[in-house]
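Following: one structure in structure tokens, then a few remarks.
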Amino acid sequence: MRVLVVGGGGREHALVDAISRDQGVKVFCAPGNAGIAAQAELVNLNSDDVLHLLRFVDDSKIDLTVVGPEQPLAVGIVDTFESKGKKIFGPRKLAARLETSKVFAKEFMKRWKIPTAEFRSFTIQQREELLAYLNGAKYPLVLKADGLAAGKGVSIVESAKDAEGELERLFVKKIFGGAGERVVVEDFMAGVEASVFAITDGKDYVVLPPAQDHKRAGDGDTGKNTGGMGAFAPTPFVGESEMAAIKSSVIEKVISATAAEGFPFKGCLYCGMMLTSDGPKVVEFNARFGDPETQAVLQLLDSSLLELLEASASRKVGSYNLKLNSSASVCIIAASKGYPDYHESGKEISGLEMKSDTSKVFHSGTKLSGGKIVTSGGRVIGVTGTDPGGRIKKAAEIAYDRLRGIRYDGMFYRHDIGKKASDLEAMKGQSS
Ligand code: GLY
């Protein structure tokens with residue numbers, strides 16, 4: 001079987017790694033990165049260059065295309081490929097609006113009574129009305145740019161003054177271009193976050209082990225919002241009752257409601273959840289696997305990822321037999337100096353060569369330059385540690401040990417990935 005993975009970050013590296021576990025698979029990746037090059041043949045095409053990707057799929061007799069990031073979904077890669085009879089994993093453009101428009105997603109949730117925070121939405125033309133609303137509002141509040149912003153379009157604001165500063169960035173400086181010309185203003189939800197991936201064909205679904213991301217740049221959840229600085233799975237904060245609620249009040253409703261509205265969702269429905277004292281509520285949807293959660297979650301899968309992705313693309317998820325192992329896995333992201341505001345690049349990375357059964361290095365922003373592997377992105381690598389004994393603390397130790405052997409100028413990472421889960425393990429006496 002010949003598979004094309006579209007994208008070039010850590011999530012795509014983890015997808016390539018897991019797909020390659022099947023016998024007899026030849027994997028291509030467009031555009032990939034320096035780490036993916038060791039496991040797949042790289043194709044020099046951008047992930048949203050739909051027409052050239054389609055030509056590559058035709059010329060290279062690709063059996064299945066797997067879309068990693070959101071941009072190609074937003075421009076309709078799945079619609080184009082399916083209209084030409086190609087098998088592709090991911091949702092069509094209309095279904096991907098659950099991620100590509102925060103306003104659309106919130107209105108959809110309201111229509112279908114899917115639990116989420118109360119909200120209002122405003123356009124750039126309604127600035128005066130929005131300012132009046134912000135002056136009379138209770139804080140903290142959450143401000144979200146409507147469109148795609150690489151995970152950086154969300155701010156928690158503590159006062160009207162903070163909120164006005166944020167609006168200046170969105171409406172005047174236009175840091176996210178058109179994506180920030182509409183905003184959602186949402187009540188702040190307190191609780192523990194969880195990321196739940198449902199792989200669906202538009203009718204049936206399977207749920208992968210729940211994970212937790214760490215969105216802030218600094219230890220103790222301080223600093224700016226990022227695309228994600230580390231993740232662990234499974235998260236012990238999602239127990240059976242939380243998962244039952246997420247399935248019935250979120251996943252199953254999205255599957256039936258998107259079908260009822262004429263844009264059935266197939267692919268990976270990423271449910272970003274807040275576990276509140278009122279039960280699980282949706283923070284956001286994404287229309288794809290999460291990054292870096294995927295780098296942890298896929299280590300817990302014993303059945304074939306390729307068969308699951310193909311079952312979703314072929315609308316046969318009902319006959320897929322999901323098998324999980326009882327490991328715990330932690331992925332720590334190492335970033336470049338300046339991330340998430342700007343980032344350095346071109347720094348040589350050393351220490352990547354070590355081989356290990358319990359850790360893996362997934363490349364996010366790397367490239368080959370003059371025979372060396374150098375940094376080329378804000379998030380550079382993700383080191384995943386896995387403990388077959390199922391302890392998050394142990395998995396984190398494995399990942400941090402491996403990470404300490406890797407170096408580049410300006411490298412930084414958080415030191416507390418998985419800590420909340422290992423504290424809980426310690427309380428329950430599971431950590432040793
Ligand atoms: N980890 C957050 C995301 O993938 O959007």
Side-chain angles (χ1 to χ4, degrees), residues 5-15 47 66-74 89-91 96-102 105 116 142 144-156 176 179 184 192-199 208-218 221 223-235 237-238 250 267-275 282-299 329-335 339-340 362-365 377-384 413-414 417-418 420-421:
V5 174
V6 174
R11 163 188 47 218
E12 288 74 35
H13 195 173
L15 288 168
S47 60
V66 176
V67 186
E70 58 277 21
Q71 293 84 0
L73 301 173
F89 174 82
R97 283 177 302 173
L98 288 177
E99 170 165 10
T100 59
S101 169
K102 302 291 173 228
T116 188
V142 182
K144 292 180 174 173
D146 178 50
L148 295 179
K152 297 173 209 157
V154 178
S155 329
I156 297 165
F176 301 125
V184 169
V192 177
E193 285 193 63
S195 309
V196 177
F197 302 163
I199 312 302
L208 299 182
Q212 188 176 333
D213 191 7
H214 297 65
K215 292 252 169 55
R216 300 291 194 97
D221 295 326
K224 298 217 163 138
N225 252 327
T226 69
M229 293 298 289
F232 61 84
T235 167
F237 295 101
V238 177
V250 181
C268 176
L269 176 69
Y270 169 132
C271 307
M273 304 299 306
M274 186 66 78
L275 307 173
V282 176
V283 178
E284 63 171 0
F285 288 124
N286 290 318
R288 44 145 182 103
F289 284 97
D291 188 339
E293 295 96 320
T294 303
Q295 293 90 309
V297 168
L298 293 185
Q299 311 317 312
S329 199
V330 174
C331 175
I332 301 151
I333 293 290
Y339 179 75
F362 293 117
H363 290 226
S364 297
R379 293 191 290 178
V380 177
I381 51 165
V383 176
T384 297
Y413 54 86
R414 281 182 59 162
I417 304 300
K420 286 185 191 138

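On a predicted model such as this, the values are computed, not experimentally measured, just so you know. In listed order, ligands and their atoms are each counted from 1. Worth knowing before you read on, the calculation uses all heavy atoms, side chains too, and leaves out hydrogens, waters and symmetry mates.
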In this structure, atom 5 (O) of ligand 1 is nearest to the protein heavy atom Arg288 NH2, 2.9 Å

Does any N or O of ligand 1 fall below 3.5 Å from an N or O anywhere on Glu293, backbone included?
yes

Residues that Tyr339 engages under ring pair (Phe, Tyr, Trp, His ring centres under 6.0 Å), provided they are two or more places apart
none

Atom indices of ligand 1 within 4.0 angstrom of Asp213 heavy atoms, with elements:
1 (N), 2 (C)

Checking Asn286 side chain against Glu99 main chain: does a donor-acceptor pair fall under 3.5 Å?
no

Yes or no: does Gly227 have any heavy atom under 4.0 Å from an atom of ligand 1?
yes

Give the numbers and elements of all ligand 1 atoms closer than 4.0 Å to a heavy atom of Tyr270.
1 (N), 2 (C), 3 (C), 4 (O)

Please check if the distance between the ring centroids of Phe285 and Tyr270 is under 6.0 Å.
no

Pairing residues for Arg11 by the salt bridge (Lys or Arg N to Asp or Glu O under 4.0 Å) criterion, not counting sequence neighbours:
none

Quick check on contacts: which atoms of ligand 1 are under 4.0 angstrom from a heavy atom of Lys215?
2 (C)

Using modelled atom types and a 3.5 Å cut-off, is there a donor and acceptor pairing between side-chain atoms of Asp213 and backbone atoms of Gly228?
no

Check each atom of ligand 1 against the heavy atoms of Gly290 and keep those under 4.0 Å away; list them by number with element.
4 (O)

Approximate separation, where rounding is to 0.5 Å, of Gln295 CD and His363 NE2:
12.0 Å

Run the contact test for Gly228 against ligand 1 with a 4.0 Å cut-off on heavy atoms, strictly below, and give the result.
no

